[in-house]
Amino acid sequence: MEAKEFARRRKHLLQMMGEGSIAILPTASIYPRNRDVMFPFRADSDFYYLTGFPEPEAVAVFVPGRKHGEYLLFCREQDPEKEIWEGRRAGTQGACKNYGADDSFPITDIDDILPGLLEDKARVYYAMGYYPAFDQRMIGWVNHIRRASRAGKRPPGEFIALDHLLHEMRLIKSAQEIRTMREAARISAKAHIRAMENCHPGIMEYQIEAEYLHHFFSHGCRAPAYPSIVGSGGNACILHYTDNNARLKKGDLLLVDAGAEYDYYAADITRTFPVSGRFSSAQRAIYELVLEAQLAAIAEVQPGNHWNQPHEAAVRVLTEGLAALGLLKGRVSTLLKKEHYRRFYMHRTGHWLGMDVHDVGDYKVDGEWRAFEPGMTLTVEPGVYIPADSQGVAKKWWNIGVRIEDDVLVTKEGCELLSADVPKTVDEIEALMASSQRGASAS
């Protein structure tokens with residue numbers, strides 16, 4: 001992401017805040033994985049959205065109208081000895097020179113400096129509850145000012161959730177964000193193709209996961225956007241299955257929900273394909289029903305339509321199809337009204353997508369479903385899940401779990417499928433897998 005993109009975002013936020021206000025935004029903390037080992041650090045998405053600053057132990061402060069600079073960054077100082085062990089630091093000079101801060105201070109000085117910045121402010125924009133330890137520091141700074149009231153110091157008059165302003169900004173993607181998300185989707189799509197090409201009975205689910213990770217890392221993505229779901233057979237019926245430790249069996253389906261994170265932006269794609277390269281008749285029937293539901297849902301992603309319309313379209317198609325297959329019994333109108341489809345389809349049809357795989361943004365405004373606008377990005381992901389021993393269900397349907405998920409951008413004319421490169425019809429998938437298996441046999 002270019003520096004001018006971060007500067008544009010900060011300018012927009014400062015304009016919305018207005019003078020007499022201050023916004024305070026800490027980054028994420030470092031968390032231990034196990035003894036002497038930490039999880040890889042990733043900056044808080046809101047913090048990074050405004051700063052582009054990738055280091056831990058940092059706090060961004062925004063003060064509209066401040067004479068000595070409106071954007072302040074508290075961060076770690078440079079330390080040659082620690083940098084030998086932990087890597088280079090930007091330091092306070094680098095925060096200004098390389099990351100656009102108007103002013104920067106050592107993070108160790110924040111208790112001395114921040115109370116003074118809070119004094120006499122009418123409004124404080126802060127996201128309470130995300131980082132409880134920092135919440136306590138905020139309370140301490142405000143109480144420090146209150147105790148000095150006899151000296152003429154006044155604490156802030158109002159606390160406002162920073163989320164409201166910032167998440168509305170993040171919901172509508174800029175041209176540069178859209179380009180980044182296209183690249184995340186392109187890389188992820190190629191990884192799904194690679195997995196289909198390398199899938200065969202006898203290998204482990206985690207070996208398929210390794211195909212994704214290899215492709216992500218080989219194309220500039222340092223991490224998946226979320227833990228990959230690689231579920232074969234009955235594991236495909238577990239929505240958030242991440243053990244990925246079963247052996248692939250002939251005749252089973254394999255459901256893979258995996259996406260790359262590219263330059264802090266997520267892709268989120270799911271494909272379901274046969275381990276042996278060909279769908280059984282029962283698998284094909286469920287798969288084509290889910291695909292029909294997904295296409296109906298995508299058709300509803302249009303400017304002016306509301307958030308729930310894709311879900312409503314998917315639910316209707318799935319209910320009609322499940323009834324036609326005999327998996328649901330009764331009038332379609334009654335099945336829809338009583339939500340009997342939830343036995344086999346228990347989740348929503350999508351979510352916002354962006355820096356977070358389940359990205360920020362309200363789904364309702366003033367109690368009504370939100371209307372789609374150009375620049376919004378979302379997933380569309382209906383599914384059907386029929387675990388073994390499902391009461392009253394013929395055995396031929398057992399252990400069929402199918403989800404088809406694509407990343408969709410709302411445009412002025414309708415929508416763009418960011419993940420369109422991944423095959424998803426039965427014929428396309430079977431042709432790709434047959435071609436790769438012929439190639440493997442020839443070699």
*Step by step, would you call Leu50 with Leu166 a side-chain contact (heavy atoms from CB on, under 4.5 Å)?*
CA-CA 9 Å; Leu50 292 171; Leu166 198 50; 3.8 Å; yes
*When you measure from the side chain of Asp44 to the backbone N and O of Asp46, does any donor-acceptor pair fall under 3.5 Å?*
yes
*Just wondering, do Asp135 and Tyr126 contact through their side chains at under 4.5 Å, heavy atoms?*
yes
*Taking all heavy atoms of Lys329 and all of Leu335, pick out the closest pair and write down the distance.*
O-CD2, 3.5 Å
*Should the heavy atoms of other residues, nucleotides or ligands under 6.0 Å from CZ of Phe41 be counted, would the total exceed 12?*
yes
*May I ask you to decide if the ring planes of His306 and Trp369 are parallel, tilted or perpendicular, using 30° and 60° as cut-offs?*
parallel
*For Met433, does its backbone N or O pair with a side-chain atom of Glu197 as donor and acceptor, under 3.5 Å?*
no
_Test your reading of the model: is there a side-chain donor-acceptor pair from His351 to the backbone of Val360, 3.5 Å cut-off?_
no
*Can we say Arg186 and Asp421 salt-bridge, meaning some charged N sits less than 4.0 Å from an Asp/Glu carboxylate O?*
no
*Looking only at heavy atoms, which two atoms of Ser104 and Cys75 are closest? And how far apart?*
OG-SG, 3.8 Å
_Any carboxylate oxygen within less than 4.0 angstrom of a Lys/Arg side-chain nitrogen, looking at Glu381 and Arg348?_
no
*Using a 4.5 Å cut-off on heavy atoms from C-beta on, say whether the side chain of Phe273 contacts that of Cys199.*
yes
*Less than 6.0 Å separating the ring centroids of Phe39 and Tyr31?*
no
*How close do Ala185 and Leu418 get, heavy atom to heavy atom, and via which atoms?*
CB-O, 3.4 Å
*Classify the ring geometry between His347 and Tyr345 as parallel (under 30°), tilted (30 to 60°) or perpendicular (over 60°).*
perpendicular
*Given the side-chain rings of Tyr385 and Phe344, with only the six-membered ring counted for Trp, is the space between their centroids under 6.0 Å?*
no
*asked:* With a 4.0 Å cut-off on N to O distance, would you call Arg89 and Glu55 a salt bridge?
replied: no
*Within the side chain of His219, is there an N or O that forms a donor-acceptor pair under 3.5 Å with the backbone of His215?*
yes
*Do the numbers put Arg9 on top of the ring of Phe6, so that NZ or CZ is under 6.0 Å from the six-membered ring centre and no more than 45° off the axis?*
yes
*Let me know which of Leu162, Asp163, Leu25 forms a side-chain contact (heavy atoms from CB on, under 4.5 Å) with Tyr130.*
Asp163
*State, to 0.1 Å, how close Tyr287 and Lys424 come at their nearest heavy-atom pair, and which atoms those are.*
OH-O, 2.5 Å
*asked:* Please give me the minimum heavy-atom distance between Ala95 and Leu73, naming the atom from each residue.
replied: CB-CD2, 3.7 Å
_Using a strict threshold of under 4.0 Å (side-chain N to carboxylate O), is an ion pair present between Glu183 and Arg179?_
no
*Counting heavy atoms not belonging to Arg278, are there more than 12 under 6.0 Å from its CZ?*
no
_Test log, rule side chain to side chain donor-acceptor pair (under 3.5 Å), inputs Asp268 and Thr379_ = CA-CA 7 Å; Asp268 186 4; Thr379 65; 4.9 Å; no
*Check for a donor-acceptor pair, side chain of Ser435 on one end and backbone N or O of Ala431 on the other, with a separation under 3.5 Å.*
no
*Identify the heavy atoms of Ala293 and Pro382 that sit nearest to each other, and give their distance.*
C-CG, 4.1 Å
*asked:* Measuring only between side-chain heavy atoms, which start at C-beta, is Tyr341 closer than 4.5 Å to Glu339?
replied: yes
*Check the surroundings of atom CZ in Arg88: do more than 12 heavy atoms from other residues, nucleotides or ligands lie under 6.0 Å from it?*
no
_Once you measure the plane-to-plane angle for Trp352 and Tyr363, does it fall in the parallel (<30°), tilted (30-60°) or perpendicular (>60°) bin?_
parallel
_Determine whether Arg182 and Asp407 satisfy the following criterion, salt bridge (Lys or Arg N to Asp or Glu O under 4.0 Å), listing intermediate values before the conclusion._
CA-CA 9 Å; Arg182 284 197 185 106; Asp407 302 344; over 6 Å; no
_Between Arg271 and Arg403 (side chain of the first, backbone of the second, donor and acceptor by atom type, cut-off under 3.5 Å), is there such a pair?_
no
*Does the pair Glu5/Lys11 count as a salt bridge with the N-to-O cut at 4.0 Å?*
no
*Asn235 and Tyr241 side chains, donor-acceptor separation under 3.5 Å*: yes
*Can you establish whether the number of heavy atoms outside Lys364 located under 6.0 Å from its atom NZ is more than 12?*
yes
*Does some side-chain heavy atom of Thr242 sit less than 4.5 Å from a side-chain heavy atom of Pro227?*
yes
_Keeping Ser188 on the side-chain end and Ala260 on the backbone end, is there a donor-acceptor pair under 3.5 Å?_
yes
